[in-house]
2 protein chains.
Amino acid sequence: MTTRSKPGPRQRLLDAAQELTYREGVAVGVDSLLKTANVARRSLYEHFGGKDGLIAEVLRRSAAEDEAAYRETMAAAGDEPRARLLAVFDRLALIVDRADFRGCRYLAADLALADPEHPGHAVTREYRANVTALFEAELARLGHPRPGHAAGQLLLVVDGIMVAAATRPDSDPAGAGRELALGILAQAGAAGAAGAARGRIGGGAT
Amino acid sequence: MTTRSKPGPRQRLLDAAQELTYREGVAVGVDSLLKTANVARRSLYEHFGGKDGLIAEVLRRSAAEDEAAYRETMAAAGDEPRARLLAVFDRLALIVDRADFRGCRYLAADLALADPEHPGHAVTREYRANVTALFEAELARLGHPRPGHAAGQLLLVVDGIMVAAATRPDSDPAGAGRELALGILAQAGAAGAAGAARGRIGGGAT
DNA sequence: TGTGGAGTAGATCAACCGGTCTATATAGTC
DNA sequence: GACTATATAGACCGGTTGATCTACTCCACA
């Protein structure tokens with residue numbers, strides 16, 4: 001838009017697609033993408049090979065950005081693992097309350113891309129694995145007895161927050177989810193102090 | 001399938017659509033629905049007014065069935081509210097592990113139906129409200145200090161289980177979710193014992 | 001100067017979409 | 001037996017989809 005060193009068709013297309021596929025879903029028409037990006041039809045097929053390639057690339061870029069945002073959020077919260085993890089949920093509360101929030105892009109993509117061979121699925125899978133690993137590292141530092149399990153639980157809560165925020169925003173999903181996260185983190189505190197006092201802690205493999 | 005008093009086109013169409021829209025999403029083509037149901041094209045428009053009407057009706061029927069399943073599960077678990085609620089998550093573990101599990105039908109429908117005025121959205125909204133109410137009633141009986149809030153949390157966990165099971169089934173989502181549910185119920189136990197002995201805790205209204 | 005790659009504009013394509021139509025067949029009822 | 005409801009079969013419609021193709025413009029660089 002601004003007359004600033006013209007970003008080039010590829011960039012414009014990625015920008016437009018990133019926004020449109022989130023707002024309207026990955027089922028947006030190619031024409032709509034081209035028109036929004038002010039890009040010739042041919043450029044799409046030159047740069048991305050087709051709509052599927054563009055969508056996959058958009059998911060890749062989004063995932064990289066979101067992962068970076070996770071890291072930044074945690075970095076800004078200091079060194080204490082507990083504070084770093086809670087900061088994630090505080091940030092989630094802000095995201096979810098934004099007027100343009102429309103749910104989780106990756107979940108929507110997975111549900112909308114019927115073909116299980118679509119390259120987008122691999123991207124979303126890796127994204128989730130990376131976020132889980134991020135959680136797990138903090139939980140391990142926190143001394144949680146089952147960091148891998150708890151990381152999965154945290155991601156489950158994150159997923160639940162996103163879904164609840166998208167489908168019934170009145171229920172304060174972020175607040176409810178944060179409380180659940182607190183419960184997960186509390187197990188680390190209890191286990192750290194009292195060991196296996198609660199008894200349920202089985203094979204603690206990652 | 002059995003040659004049993006021919007279910008009629010309307011019923012056949014509903015049956016086929018209920019299965020196909022779950023397996024392939026609500027974006028299935030009309031032709032595919034008609035062919036699977038062995039129903040004439042015209043019958044669809046006679047009975048449901050169009051594809052949207054059929055989808056809405058399928059969602060209504062599914063919601064009624066699923067609500068009934070919730071009630072039956074709880075009824076089969078006896079009278080104890082805690083056992084009744086945990087039975088829901090035990091059943092969820094079975095559902096999620098079935099080979100034909102493909103995520104939450106209602107969430108997928110909400111994400112796929114771009115038009116916010118689509119009649120399907122009202123159905124899914126009511127379904128979620130009904131399930132929440134079901135949870136809330138048990139939590140209130142359990143003496144939970146914030147049954148409405150906790151019910152929202154339980155539904156958040158249910159949503160999280162469904163999403164996690166659909167997107168990363170290796171993470172034992174049902175087990176992880178059940179533990180979270182236990183934590184929510186535990187709050188009732190703690191508050192219930194103290195609250196019942198000392199009198200009511202604030203905000204006890206539904 | 002001029003050549004070639006990149007981008008644009010847009011016609012065109014086959015396939016498919018949901019929906020309407022006519023014609024025909026079947027079943028139940030007076 | 002005739003009438004009417006309902007269902008079937010399938011041609012047909014306009015619109016849209018993603019994709020291919022040609023023709024033209026533009027600009028950097030040799």
Side-chain angles (χ1 to χ4, degrees), chain A residues 1-18 20-21 23-59 108-109 111-121, chain B residues 1 3-21 23-59 108-109 111-121:
Chain A
M1 268 298 175
T2 67
T3 60
R4 182 149 203 77
S5 72
K6 47 181 173 182
R10 186 190 150 93
Q11 196 65 24
R12 271 179 289 154
L13 203 39
L14 277 175
D15 291 341
Q18 191 160 0
L20 271 185
T21 58
R23 208 173 57 200
E24 305 185 16
V26 294
V28 257
V30 167
D31 289 357
S32 179
L33 292 170
L34 298 176
K35 192 176 176 184
T36 306
N38 265 305
V39 157
R41 205 170 193 77
R42 178 162 187 160
S43 301
L44 193 167
Y45 295 92
E46 286 287 339
H47 286 293
F48 303 101
K51 190 194 178 187
D52 288 353
L54 173 60
I55 287 178
E57 191 56 39
V58 163
L59 288 175
L111 290 180
L113 299 177
D115 178 11
E117 301 304 316
H118 192 288
H121 293 302
Chain B
M1 31 193 82
T3 60
R4 183 149 203 78
S5 71
K6 47 180 173 182
R10 185 190 151 93
Q11 196 64 23
R12 270 179 291 153
L13 203 40
L14 277 175
D15 291 340
Q18 190 159 1
E19 208 245 321
L20 270 185
T21 58
R23 208 172 57 200
E24 304 186 17
V26 294
V28 257
V30 167
D31 289 357
S32 179
L33 292 170
L34 297 176
K35 191 175 177 184
T36 307
N38 265 306
V39 157
R41 203 171 191 75
R42 176 161 188 159
S43 301
L44 192 169
Y45 296 92
E46 287 288 336
H47 286 293
F48 303 101
K51 189 195 178 186
D52 288 352
L54 172 61
I55 287 178
E57 191 59 37
V58 164
L59 288 174
L111 290 180
L113 300 177
D115 177 12
E117 301 303 315
H118 193 288
H121 293 302

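Protein chains get the first letters and strands the later ones, always in sequence-line order, with residue 1 at the start of each.
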Where protein sits on nucleotides 23-29 of chain C, one letter per nucleotide: B base, S sugar-phosphate only, - none, heavy atoms under 4.0 Å: B------
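- Across all strands shown, C:dC13 pairs with D:dG18; the Watson-Crick or G-U wobble distances both stay below 3.5 Å.
- Here the C1' atom of nucleotide C:dT8 and the CZ atom of A:Arg10 are 19 Å apart, to the nearest Å.
- The stretch residues 43-59 of chain A touches DNA chain D through A:Tyr45, A:Gly50, A:Lys51, each having a heavy atom under 4.0 angstrom from the strand.
- In this entry the distance linking CG of B:Leu33 with C1' of C:dG19 reads 14 Å, nearest Å.
- Residue B:Arg41 has its side chain nearest to D:dA11 when only D:dT17, D:dT8, D:dA11 are considered.
- Nucleic acid contact for B:Arg12: sugar-phosphate only, since backbone atoms but no base atoms lie under 4.0 Å from a heavy atom of the residue.
- Contact between A:Ala56 and A:Gly120 at its shortest, heavy atoms only, is CB-N, 4.3 Å.
- For the pair B:Arg42/B:His47, no side-chain contact is recorded, criterion being any heavy-atom separation below 4.5 Å from C-beta on.
- Shown here are the side-chain hydrogen bond (donor to acceptor under 3.5 Å, both in side chains) partners of B:Glu19, two or more places apart in sequence or in another chain: B:Arg23.
- Atom CG of B:Leu113 and atom P of C:dG18 are 12 Å apart (whole Å).
- Counting heavy atoms from C-beta on, the side chains of B:Leu59 and B:Val26 never come closer than 4.5 Å.
- Within the 3.5 Å criterion, the main-chain N or O of B:Val39 finds no donor-acceptor partner in the side chain of B:Ser43.
- Where A:Val39 and B:Val30 meet DNA chain C, the nucleotide closest to each residue was compared, and A:Val39 sits on the side nearer the 5' end.
- No donor-acceptor distance shorter than 3.5 angstrom exists from the side chain of B:Ser32 to the backbone of B:Val28, with no hydrogens or angles considered.
- D:dC26 atom P lies 16 Å from atom CG of A:Asn38, rounded to whole Å.
- Atom CG in B:Leu34 sits about 14 Å away from atom C1' in C:dC16, given to the nearest Å.
- Closest to the side chain of A:Asp31, from the set D:dT17, C:dT8, C:dG18, is D:dT17.
- Proximity of a side-chain donor or acceptor of A:His121 to a complementary backbone N or O of A:Asp115 within less than 3.5 Å is detected.
- Here the side chains of B:Leu14 and B:Phe48 are in contact, with some heavy-atom distance below 4.5 Å.
- Base-pair partner of C:dT1: D:dA30 (Watson-Crick or G-U wobble, both distances under 3.5 Å).
- Glycosidic torsion of D:dA5 falls within 90° of 0, placing the base in syn.
- Using modelled atom types, one side-chain atom of A:Arg12 and one backbone atom of A:Asn38 make a donor-acceptor pair closer than 3.5 Å.
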